[in-house]
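Let me begin by presenting the structure, written as structure tokens, before commenting on it.
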Amino acid sequence: MHDALTTLLEQQAPVGREAWRSWWDQLGDGTLDRAQVLALLASLTSRLPDHQTLRNLLDSLAERRPAPAATTPWEHTVNVVGTGGGPRTFNISTASAFVAAAAGVKVVKTGSRAYTSSLGSVDLLERLGIRLTSSHTHTEDTLAAHGIAFAGPYVYPAQLTRLARTTAPLSMKPFGRFLNALGPFLADLPVSAQITGVSAAAPLDTLRELASTTTTRRVWLATNDTGADELLPFATNTIHTDTGLTRTIRPGELTPADGSFGDLRPAPDPAGAAAHFLSVLAGTAGRVATRTVSLGAAALIVAAGTRRDWPSAVSLAEDAVRSGAAHDLARRLAAAPAPRTLAAARA
């Protein structure tokens, strides 16, 4: 049995970086059998290990990435991603990304297909006809053209694909709790800031430690007393910054406090998810839905440095919905030409 798996199962010491390096080496050359891979994933899912084990895991993957295509950070650009879990809602963080971008913030959204929900951000984007970006260059081009980009699988370590192939035909869905919790720290993007929604299903203390030791970008974690991985106008929300400081946003402080999860329900049929999502961006899905995505967008606006005070950030976001700018942005992005067409146009 591999040392990484043995140490993980014994739970007596952190798994060191050398052990993780050996694990990825053996995964790559095919000397790890399927049973060990499944055992490791099951262990990580049933009980997320200590911060040092996870930091060593992340660092061991980061050092295997190819040389970055972008050597300088994308200034004033923010990534938004959640851990999943909590009450079922429409795709709030994706809607907030459009609203913030329509308000003038450069936004990159990372995400995945659904592990613990019925419709992940990638599933929704497919229904909207919006393409994921395929490289840093493609992402930069999309940001320049639209102010928003949805990063594709290229941002994640290739070893995750290897894990999925090794476990096949078993789906990775059973390991969604671990993948959702660690996923926000796996994406390789030169953004300057990141907002991560953390649900009650995720280990907040461990993620706060990971955020504090992330040096490539500022990572803020958003939580609330309902257990959802979003900022909600009818909940007590807390922003945990990378410096250890917190910002509490209470019901009624920035927006009216009425409303409930009933106002944030997803479309009853996934086939209607795209139309419902566009109605949220247009401001016709109800006042609570508008307030919710505006509050989420305000967090992106503040994190990016476009506004320093929350009230004006919320106002800016609400204007992006009321003016139709957020809805129009989604329509334009769906109609954008494929990357090959863009390259030909530049030539």
Side-chain angles (χ1 to χ4, degrees), residues 68-82 92-111 121 130 132-133 135-152 154-155 184-197 210-222 230-231 237 239-247 249 254 281 293-321 323 325-326 328-330 332-333 336 342:
T71 56
T72 57
W74 298 337
E75 292 187 2
H76 305 298
T77 301
V78 60
N79 175 31
V80 55
V81 62
I92 295 172
S93 62
T94 305
S96 296
F98 275 110
V99 173
V105 176
K106 288 186 176 181
V107 181
V108 180
K109 174 79 175 74
T110 55
S121 61
I130 294 174
L132 303 181
T133 60
S135 66
H136 275 347
T137 299
H138 185 194
T139 302
E140 288 178 327
D141 287 344
T142 306
L143 280 172
H146 303 285
I148 187 170
F150 294 89
Y154 84 91
V155 300
F185 295 91
L186 288 169
D188 179 31
L189 282 168
V191 295
S192 54
Q194 177 174 308
I195 296 287
T196 298
L210 287 177
S212 69
T213 56
T214 298
T215 59
T216 56
R217 60 199 181 278
R218 300 188 311 278
V219 179
W220 293 1
L221 307 179
E230 309 285 356
L231 297 178
N237 305 282
I239 304 288
H240 307 266
T241 72
D242 54 317
T243 62
L245 300 176
T246 60
R247 167 67 157 92
I249 303 171
L254 297 174
L281 295 184
V293 298
S294 296
L295 187 58
L300 301 179
I301 292 168
V302 174
T306 303
R307 290 285 191 278
R308 293 190 178 275
D309 65 294
W310 283 79
S312 70
V314 171
S315 178
L316 189 64
E318 290 175 340
D319 286 345
V321 176
S323 67
D328 292 347
L329 175 58
R332 289 198 307 275
L333 195 59
L342 284 172

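These numbers come from the heavy atoms of this one structure, side chains and all, not from hydrogens, waters or symmetry mates.
Between Pro311 and Leu254 there is a side-chain heavy-atom pair separated by less than 4.5 Å. Counting heavy atoms from C-beta on, the side chains of Leu143 and Thr133 never come closer than 4.5 Å.
A donor-acceptor contact shorter than 3.5 Å links the side chain of Asn79 to the backbone of Thr110. One N or O on the side chain of Ser96 and one on the backbone of Val293 form a donor-acceptor pair closer than 3.5 Å. Counting only distance, with no hydrogens or angles, the side chain of Thr77 and the backbone of Ser192 share no donor-acceptor pair below 3.5 Å.
Atom CG of Leu210 and atom CZ of Phe185 lie 5.0 Å apart (nearest 0.5 Å). Going from atom CG of Asp188 over to atom CZ of Arg217 covers 8.0 Å, rounded to the nearest 0.5 Å. Taken to the nearest 0.5 Å, the CG atom of Leu221 stands 8.5 Å off from the CD atom of Gln194. Summarising the geometry, atom CZ belonging to Phe150 is positioned 6.5 Å from atom CG belonging to Leu333; distances are rounded to the nearest 0.5 Å. Atoms CH2 and CG, on Trp310 and Leu231 in that order, are 6.0 Å from each other to the nearest 0.5 Å. One finds the CD1 atom of Ile195 at 9.0 Å from the CZ atom of Arg218 (value rounded to the nearest 0.5 Å).
Taking the six-membered ring for Trp and thresholds of 30 and 60 degrees, Tyr154 and His136 have ring planes more than 60 degrees apart, a perpendicular arrangement.
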Val78 and Val191: CA distance, side-chain angles, deciding distance, side chain to side chain contact (heavy atoms under 4.5 Å, CB included) verdict: CA-CA 6 Å; Val78 60; Val191 295; over 6 Å; no
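More than 12 heavy atoms of other residues, nucleotides or ligands shown are found within 6.0 angstrom of NE2 on His146.
Residues satisfying the side chain to side chain donor-acceptor pair (under 3.5 Å) criterion with Thr246, sequence neighbours excluded, are absent altogether. Annotation: side chain to side chain donor-acceptor pair (under 3.5 Å) contacts of Arg247 (sequence neighbours excluded): Glu253.
Residues Val321 and Ser294 approach most closely at CG2-OG, 4.2 Å, considering heavy atoms.
Inspection of the Ser135 and Thr137 side chains reveals no N or O donor paired with an N or O acceptor under 3.5 Å.
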Sequence neighbours excluded and cut-off under 3.5 Å, please list the side-chain donor-acceptor pairs for residues 313-320, or say none.
from   : atom 1 : to     : atom 2 : distance (Å)
Asp319 : OD1    : Arg322 : NH2    : 2.7

